[in-house]
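Below you'll find the structure, written out as C-alpha cells, and then a few comments.
Quick note on labels: first sequence line is chain A, next is B, and so on, each numbered from 1. Reckoned from all heavy atoms, side chains included, excluding hydrogens, waters and symmetry mates.
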Amino acid sequence: MNDKLGTWERTHRCGDLTTEQIGQEVCVMGWVQRRRDHGGLIFIDLRDREGIVQLALDPDRDPTSHQKAEQIRNEFVVAARGKVSPRPEGTVNPKMKTGEVEIEITELRILNRSETLPFMLDGFTEVAENIRLKYRFLDLRRNKLQQNMLMRHLVAKTVRNYFDDQGFIEIETPVLTKSTPEGARDYLVPSRVNTGNFYALPQSPQLFKQLLMVSGFDRYFQIVKCFRDEDLRADRQPEFTQIDCELSFVNRGQIMDIMEGMIAEVFKQTLGYEVSLPLPRLSYAEALDRFGVDNPDLRFEMELQDITSLVAESEFKVFASVAASGGLVKALNAKGCATYSRKDLDGFTDFAKIYGAKGLAWVKVNEDGWQSPIAKFFTADEIAAMNTALDAEVGDLLLFMADTPAIANEALGRLRGHIGQKLGLARKDDYKFVWVTDFPLLEWDGEQRRHLAVHHPFTAPLEEDFGLLDTEPGKARAQAYDIVLNGSEIGGGSIRIHDQAIQSRMFELLGIGAEEAREKFGFLLDALSFGAPPHGGIAFGLDRLMMILTGSDSIRDVIAFPKTQKASCLLSDAPNAVDDKQLQELGVRLRTKQK
RNA sequence: GGGGGUGUAGCUCAGUUGGUUAGAGCGCUAGCCUGUCACGCUAGAAGUCGCGAGUUCGAGUCUCGUCACUCCCGCCA
C-alpha cells in the first residue's frame with residue numbers, strides 16, 4: 001500500500017539544496033536514484049529534474065521512516081520531510097552540487113513503487129538505442145536528457161525574448177497545407193470531407209510567411225514543426241523544429257546582423273559563451289575553393305590548395321589528364337602527420353571514395369625529401385613549387401585529389417573535416433561560425449534536363465546577376481545565406497522575389513509552365529501582385545543547434561520523443577495499420593496486402 | 001535504392017580451430033552490515049545465443065535468407 005500525498009507541499013527541488021538551507025525544515029519529492037542500506041543508517045539519493053540530494057535515515061531518529069526505507073527500491077517515488085544539515089566532518093561529497101548537505105529525515109512517504117527497470121539510469125553504461133526508445137519515458141529521466149530538454153526550453157525562451165525585443169511577432173501557420181512536389185517528399189494526410197484529396201504537412205512555412213509579409217506584419221517568427229519524408233541521418237528526423245523568420249524592408253546584411261545577434265544571445269544565455277560579432281562572411285565560391293565544401297568547419301585551418309596549374313605539365317598522367325580535361329587537382333597539408341601508417345592512409349582513401357573519389361595520392365615529407373609512390377613522376381622544380389604552395393615542412397603529410405571540380409572539392413573537403421576530427425582539432429567546446437553567401441541560384445539536373453532551385457524557387461538573384469537570367473542562368477548567384485557552425489549548417493535563408501513578373505520568370509527558368517505555376521503557386525503570384533514589400537528571411541534548424549549546444553552526437557538526444565532511422569516510434573509503435581473502416585471513410589484503398 | 005557495423009542473462013559485454021553442462025561485471029532476490037555516495041560482505045535465481053532455413057556426427061561459432069537498431073552514400077527546393 002502506497003502512502004498518500006495528503007496535504008504535503010514541496011518546498012524545494014532536490015538539486016537546489018545547499019548550505020544556504022541549513023537548519024530549515026524542508027519537503028522534497030522525487031525518484032530514488034539509489035539506496036545505500038548500512039543495516040543501521042540508510043542513505044537515499046533522491047532525484048528530481050534539478051538534481052540529487054542525499055536523505056539520511058537514522059533508526060534512532062525515526063524508526064517508522066527507517067523501516068519504510070528498507071522496502072525502497074530504485075525509482076520509487078518518495079516524499080520526504082526533514083531538516084537540512086551539514087554532513088559530518090569527512091563525509092562531504094565534492095562531486096555533488098548538494099554534497100555539503102543532507103536531509104535528516106523525520107517523515108517519509110512512499111508515493112509509488114516501481115518495477116525493476118529494464119536498464120539503469122545511472123549514466124555509466126551506454127544502453128542500446130532500441131531499448132532506450134521503447135522506454136523513452138525512463139530514458140528521459142536520465143540526467144543528460146533532462147539537461148538537454150531544460151536547455152532546449154531555455155533556447156526557445158531566449159529566442160522568443162530576443163525577437164520580441166526586436167519587434168517580431170510570432171504567428172502560427174497551418175499544418176494541413178497544400179502539397180508542392182518541388183523539393184522533399186511530403187507527408188500526406190487524406191481528407192475525409194474532400195474524398196480523394198490530400199493535405200501535405202509543411203516542409204517549411206515558406207509561402208505562408210511570405211504571405212504574412214504581404215499582409216504587412218513586417219517582422220514574423222515562429223518556432224515551428226516541419227516535416228520531410230526523406231531518409232534519416234544522425235542529424236535528421238522526419239519531423240523537426242525550425243526557428244522560422246521573415247522580415248520586410250530589409251536587405252540581407254540587415255537580416256544577417258539581426259540573426260547573428262539572436263545566435264549570440266542564445267550562446268550567452270545557455271553556455272555563458274560570448275560570440276564575437278559580426279560573424280565572418282564567406283562567399284560560396286571562396287568556401288569551395290578554400291575548404292571544398294559549403295559548410296566548412298572553421299575550428300581548424302588546413303585549407304585546400306588548388307595546384308592544378310603546377311602539375312598540368314607533369315609526367316604524372318593522372319594529374320595531367322585531369323588538368324587537361326577541366327578537372328581540379330587539389331591538395332591539403334596534414335601538418336605533422338607523416339608518421340601515419342599505411343593503414344591510416346588506406347583509411348583516408350576509403351573515406352574519400354565514399355564521396356566519389358577514385359583515389360587519393362599521398363606524400364610524406366621526410367628529411368631527404370618526398371616519400372611517396374608518386375614522387376618519381378615529378379621534377380625537382382614541380383616538387384619545390386608544390387612544397388611552397390602547401391607550406392610543406394619535414395614531418396608533414398600531403399594529400400592530393402584529382403577529379404572533376406565537384407568531386408575533388410567534396411571528397412578532399414570531407415577528408416579535411418575527417419582529419420580535423422581525428423587530430424582532435426575540432427573541439428566540442430569551441431564554436432566557430434561563418435556565413436556562407438552568394439550561392440548559385442540554379443543547378444542543372446541532368447536527369448530531368450532542367451534547372452532546379454538550389455535554395456527554393458522564391459529566392460531572389462543578386463541584383464548584379466539579374467541580366468544572367470536571360471543569358472546564362474546557371475551562372476546567376478542568389479541573395480542567399482547559410483549560417484554554418486562547426487561544419488554544420490544551422491540555418492539558411494534568402495531575400496525573396498517580391499516582383500510577380502520576376503517570380504513568373506523564375507518558374508519559367510525552372511521549367512514550370514505558366515499554367516502549372518498558376519495551379520501550384522497561384523496564391524503566391526496573386527499575393528505578389530497586390531503590393532508585396534521587399535522581404536527576406538531565414539530558418540534555423542533548432543534541433544541541430546541544440547545538438548551543438550549540448551554536445552550531442554545524435555539528434556535523438558535533443559528531441560523528447562524521436563523516431564528511429566526507419567521513421568518509427570518504438571514507444572507508441574507508430575506508424576501502424578488502421579481499420580478498414582477508417583480507410584473507407586477516407587476513400588483510401590491500399591494497393592498491397594498488409595502483413 | 002546502395003555500402004558498413006551491431007544483435008549471447010533485465011543491462012553492458014566475453015565466448016579460442018565447429019566439440020562436454022554458454023561465462024563475467026552491473027542489476028535483481030535473500031541474509032548481514034550505523035557515514036555511505038557507482039557503499040561493502042555472503043549466498044542465490046536468471047539464457048528461444050534476434051528469427052528461419054542449410055551444411056555437419058555435432059552450430060553461439062560456418063553458409064544463405066530475414067528482422068531490428070545504428071552510421072554513411074544517394075535523397076533532404
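- Centre separation under 5.5 Å together with a plane angle under 30° holds for the ring of A:Phe43 and the six-membered base ring of B:U36, marking them as stacked.
- The gap from the C1' atom of B:G15 to that of B:A68 amounts to 23 Å, rounded to the nearest Å.
- Salt-bridge check for A:Arg142 with A:Asp139: passed, with a basic side-chain N closer than 4.0 Å to an acidic carboxylate O.
- Backbone-only contact: A:Ile354 has heavy atoms under 4.0 Å from sugar-phosphate atoms and none from a base.
- Counting heavy atoms from C-beta on, the side chains of A:Leu441 and A:Leu468 never come closer than 4.5 Å.
- Residue contacts shown for A:Asp229 are absent, as no nucleic acid heavy atom lies under 4.0 Å away.
- For the pair A:Arg252 and A:Asp438, the salt-bridge criterion is met [side-chain N within less than 4.0 Å of a carboxylate O].
- Within 4.0 Å (heavy atoms only), A:Arg87 reaches at least one base atom of the nucleic acid.
- Checking A:Thr173 against A:Gln222 by side-chain atom types alone, a donor-acceptor pair falls below 3.5 Å.
- Of the side-chain N and O atoms in A:Lys95, none sit less than 4.0 angstrom from OP1 or OP2 of B:C37.
- Put simply, A:Phe124 rests on the base of B:A38: the two rings are less than 5.5 Å apart at their centres and nearly parallel, under 30°.
- Under 4.0 angstrom from either OP1 or OP2 of B:C73 there lies no side-chain N or O belonging to A:Arg414.
- At the heavy-atom level, A:Tyr355 lies under 4.0 Å from the strands shown only through sugar-phosphate atoms.
- One can place NE2 of A:His66 at 11 Å from P of B:C33, the figure rounded to the nearest angstrom.
- The interatomic distance linking A:Glu70 (CD) with B:U34 (C1') rounds to 12 Å, in whole Å.
- In this structure, A:Arg34 does not reach the B:A38 phosphate: none of its side-chain N or O atoms is under 4.0 Å from OP1 or OP2.
- Spacing between B:G60 and B:G52 at atom P, rounded to whole Å, works out to 13 Å.
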